[in-house]
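Here the structure is laid out as structure tokens; the discussion comes afterwards.
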Number of protein chains: 2
Amino acid sequence: MKWDTLDEEPCSLSRTVAVVGDRWTLLILRECFLRVRRFEAFQSSLQITRHLLSERLKKLVRFGILRRVPYSEAPKRYEYILTQKGLDLYPIIMAMVHWGDTHMGDERGRPLLHEHKTCGKLFDPVMVCSECGEALNAKQVHVHAGPGRKEAVG
Amino acid sequence: MKWDTLDEEPCSLSRTVAVVGDRWTLLILRECFLRVRRFEAFQSSLQITRHLLSERLKKLVRFGILRRVPYSEAPKRYEYILTQKGLDLYPIIMAMVHWGDTHMGDERGRPLLHEHKTCGKLFDPVMVCSECGEALNAKQVHVHAGPGRKEAVG
DNA sequence: CAGGTAAGTTCCTTTTTCAGACTTACGACG
DNA sequence: CGTCGTAAGTCTGAAAAAGGAACTTACCTG
């Protein structure tokens, strides 16, 4: 597998995996959604080596998931802020949190609770069909090759 | 970071990342949802080294995501089948596919289309609030420490 | 001018991953 | 009977990635 061109495969999962498919990137994104923005803050909360953090942040900026925004001119200091493309990763993160809550919990209970400001309640994320609104499950879905696959396969 | 105990962190995202947080595991799971079940089939469709495939499958079995089921007694042959815990990863995979469709597409169009057998239509997965049914977005969610976090932090 | 802070970079060691050959156990072919 | 083919792995040496810790730059504070 050539990881450097994974984002051009005719498969949307591969393309997503190319961007967020490693441990550190996912943990960095968790911090982003918890409003962490600065290099030192990421480093101290994750205990990631500065080298890797620097590299991963660059990659996320390169893919348009974070923006590097100056917050001080002298000395030059930057913070990393989620773009819309980055904010759109929220369902992935929430799906992972929900799976962890459901299947990897221990006797201590959930680490975090999520409140939906709009309705005021504690909630779980549920994935539904855009057409009929019903909850989705793997066995009710049939997959067809789309135009992007047919062209790639020939 | 000690990756070997990541699944015990007081964070559901970390625990999920401990299980599915690497490139190969996610691609293997994609194949599982496309009904691939056998060692040789995974190997030839992914071009993963046999060594890594063997290791990743063992790990998925160990975490209860796949079951190793014999399909031939002599010679002994096995296939790998998603458990319910594994099937429950579907929202994560679909969320990743959807993000890839939305943000990593090219002029060729979508690689795959998904049909909801229940309603018969092509759909996108949408993540909604379990309480009010509204589509979720990061800015409308407030996070509270839950019991599992409070106990861990002290 | 010594000490502190933020955001990196550099260097060296350890761990993972990769590519490909080897193994085991069977069935079919000639 | 010996050889080929297949499925599901294991083993090995080389290459790539990750880890740990010190170093750098540019400013600010007492």
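Fair warning: this is a prediction, and the values are worked out from it, not measured in the lab. Convention: sequence-line order gives letters A, B, ...; per-chain numbering from 1.
- Residue K76(A) has no polar side-chain atom (N or O) positioned under 4.0 Å from OP1 or OP2 of dT5(C).
- dA16(D) atom C1' lies 13 Å from atom CZ of R23(B), rounded to whole Å.
- The pair E40(B)-R50(B) meets the salt-bridge criterion, with a side-chain N (NZ, NE, NH1 or NH2) lying under 4.0 Å from an Asp/Glu carboxylate O.
- In the set dC18(C), dG20(D), dA7(D), dC18(C) carries the atom at the smallest distance from any side-chain atom of L52(B).
- Ring geometry for F42(B) against Y80(B) counts as perpendicular: the plane angle is over 60°, on a 0 to 90° scale with 30° as the lower cut.
- Within 4.0 Å (heavy atoms only), R68(B) reaches sugar-phosphate atoms of the nucleic acid but no base atom.
- Within the structure, every side-chain polar atom (N or O) of W24(A) is placed at least 4.0 Å from both OP1 and OP2 of dA17(D).
- The interatomic distance linking R38(B) (CZ) with dG9(D) (P) rounds to 12 Å, in whole Å.
- Between H114(A) and H116(A), the gap from one ring centroid to the other reaches at least 6.0 Å.
- The side chain of E55(A) approaches dA18(D) more closely than any other nucleotide in the set dT6(D), dA18(D), dT10(D).
- Between the C1' atom of dA17(D) and the NZ atom of K59(A) lies a distance of 12 Å, rounded to the nearest Å.
- Atom pair Q47(B):CD and dA19(C):C1' shows a separation of 11 Å (rounding to whole Å applied).
- If you measure from atom CD1 of I28(A) to atom P of dA18(D), you get 11 Å, rounded to the nearest angstrom.
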Apply the test side-chain contact (heavy atoms from CB on, under 4.5 Å) to residues M96(A) and S12(B): give CA-CA distance (whole Å), side-chain angles for both, the deciding distance (0.1 Å), then the verdict. CA-CA 8 Å; M96(A) 295 183 86; S12(B) 295; over 6 Å; no
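- We find that CZ of F42(A) is positioned 15 Å from C1' of dG8(C), with the value rounded to whole Å.
- Within a 6.0 Å sphere centred on NZ of K139(B), heavy atoms belonging to other residues, nucleotides or ligands number 12 at most.
- Distances shorter than 4.0 Å separate none of the side-chain N or O atoms of R50(B) from OP1 or OP2 on dT12(D).
- Of the candidates dG19(D), dC11(D), dC26(C), the closest approach to any side-chain atom of H51(B) belongs to dC11(D).
- Using a 4.0 Å heavy-atom cutoff across all strands shown, Y71(A) reaches sugar-phosphate atoms only and no base atom.
- Look at S54(B) and you'll find a side-chain N or O under 4.0 angstrom from OP1 or OP2 of dT10(D).
- Ring geometry for H103(A) against W99(A) counts as tilted: the plane angle lies between 30° and 60°, on a 0 to 90° scale.
- When each of Y80(A) and W3(A) is assigned the nucleotide of DNA chain C with its nearest heavy atom, Y80(A) is the one assigned upstream, toward the 5' end.
- Among dA26(D), dA19(C), dA8(D), the nucleotide with an atom closest to any side-chain atom of R77(A) is dA26(D).
- If you measure from atom CD of E40(B) to atom C1' of dT10(D), you get 13 Å, rounded to the nearest angstrom.
- Residue contacts shown for R56(B) are limited to sugar-phosphate atoms, with no base heavy atom under 4.0 Å away.
- A residue-by-residue look at I48(A) and E73(A) shows that I48(A) has its nearest nucleotide of DNA chain D further toward the 5' end.
- Atom P of nucleotide dA7(D) and atom CD of E79(B) are separated by 12 Å, given to the nearest angstrom.
- When heavy atoms are screened at a 4.0 angstrom cut-off, K58(A) is found touching the sugar-phosphate backbone but no base atom.
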